[in-house]
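Remarks on the structure that follows.
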Amino acid sequence: MTRGYARLAAVVLALSVTLSSAACSGGEEAPARPESVAGGASALPGPAPANLALRPAPSGLPGAPAVTGALTDGSPVALADLWADRPVVLTFFSSWCTLCAERQGDLSELARTHRDKVVFVGVATEDEPQELQQYLREHRVEYPVVLDEDGAIARSYAVREPPTVVVIAKGGTLLRGWPGGVDAAALDGKLRELVLAS
């Protein structure tokens, strides 16, 4: 009789474990989704507004280097595709750069202000993925960010160290660069003066 109870208890225990496991993996709850990667393809702009009026780029200025790279989520991006229909602002930065961090909030706000008219693109040089993601979230960077792990993109734009800001006209004309960065008010003025029709 003791053996019968022991066997029955073992069967009941095995059955309850099986049922509880099935209930946990029954699919009623959606699996946890990983947090999206800041600066990835989801931050790329949509089509330019049909009524976007731009001043033509001054003649005699050099063309910007048409580099390609990978965004923070691994998606490929070509700068020439971005400046095909509107101006681009490149912000060269690193998460460990103190001056970059001081100015990033204002740059992020400026990018939101000009969202449909100008494409802001971050270029993160020599950064660690975890620190970069923390920086992008902390400073509310909502635009795409290209990884420049070996500094090749920075070198093509003659950037020696972050921060540096570069403005490129629609079509790829290199309009202006600011080694050491620029405050948001001055950049806003230059965008309106050089790029955006009044």
**Study point:** From L191 atom CG to L110 atom CG, the distance as rounded to the nearest 0.5 Å
**Key:** 6.0 Å

Review point. Do V146 and D148 have side chains that get closer than 4.5 Å, going by heavy atoms?
Key: no

Practice item. Check whether any side-chain heavy atom of E109 sits under 4.5 Å from a side-chain heavy atom of R112, and report yes or no. Key: yes

Check your understanding: Heavy-atom count around Q134 CD within 6.0 Å, excluding the residue itself: above 12?
Key -> no

**Study point:** Derivation of the side-chain contact (heavy atoms from CB on, under 4.5 Å) call for R86 and V119
**Key:** CA-CA 7 Å; R86 70 194 115 184; V119 179; 3.5 Å; yes

Check your understanding: How close do D73 and A41 get, heavy atom to heavy atom, and via which atoms?
Key -> OD2-N, 2.9 Å

Point to revise | R115 CZ to E142 CD distance, which is reported to the nearest 0.5 Å | key: 5.5 Å

Exercise for review: Can you see which heavy atom on L54 is nearest to which on K170, and at what distance?
Suggested key: CD1-CD, 3.6 Å

Check your understanding: F120 versus S108: any side-chain heavy-atom pair under 4.5 Å?
Key -> no

Check your understanding: Any side-chain heavy-atom pair from R176 and V166 closer than 4.5 angstrom?
Key -> no

**Study point:** Heavy-atom side-chain proximity of L174 to L61 below 4.5 angstrom
**Key:** no

Scan the side chains in residues 90-99 for donor-acceptor partners under 3.5 Å anywhere in the protein, sequence neighbours excluded, and list what turns up.
unit_1 : atom_1 : unit_2 : atom_2 : d
T91    : OG1    : Y143   : OH     : 3.4
S94    : OG     : T125   : O      : 2.7
S95    : OG     : D127   : OD1    : 2.4
S95    : OG     : D127   : OD2    : 3.4
W96    : NE1    : E126   : O      : 3.1

**Study point:** Note, I168 side chain near L175 side chain (heavy atom, < 4.5 Å)
**Key:** no

Review point. Taking atom CD of E131 and atom CD of E138, what is their separation to the nearest 0.5 Å?
Key: 12.0 Å

Point to revise | Minimal non-hydrogen separation, L107 against L187, with atom names | key: CD2-CD2, 3.7 Å

Exercise for review: Would you indicate whether the side-chain heavy atoms of D183 and D106 approach each other to under 4.5 Å?
Suggested key: no

Revision key, fill the gap. Minimal heavy-atom distance between D150 and R155, with the atoms involved, is O-NH1, 2.9 Å

Practice item. List the atom of G74, the atom of A70, and the distance in Å for their closest heavy-atom pair. Key: O-CB, 4.1 Å

**Study point:** Closest contact, heavy atoms only, H114 versus R192
**Key:** CE1-NH2, 3.7 Å

Check your understanding: Do V145 and V121 touch side chain to side chain, with heavy atoms closer than 4.5 Å?
Key -> no

Point to revise | Euclidean distance, T72 OG1 relative to L132 CG, rounded to 0.5 Å | key: 6.5 Å

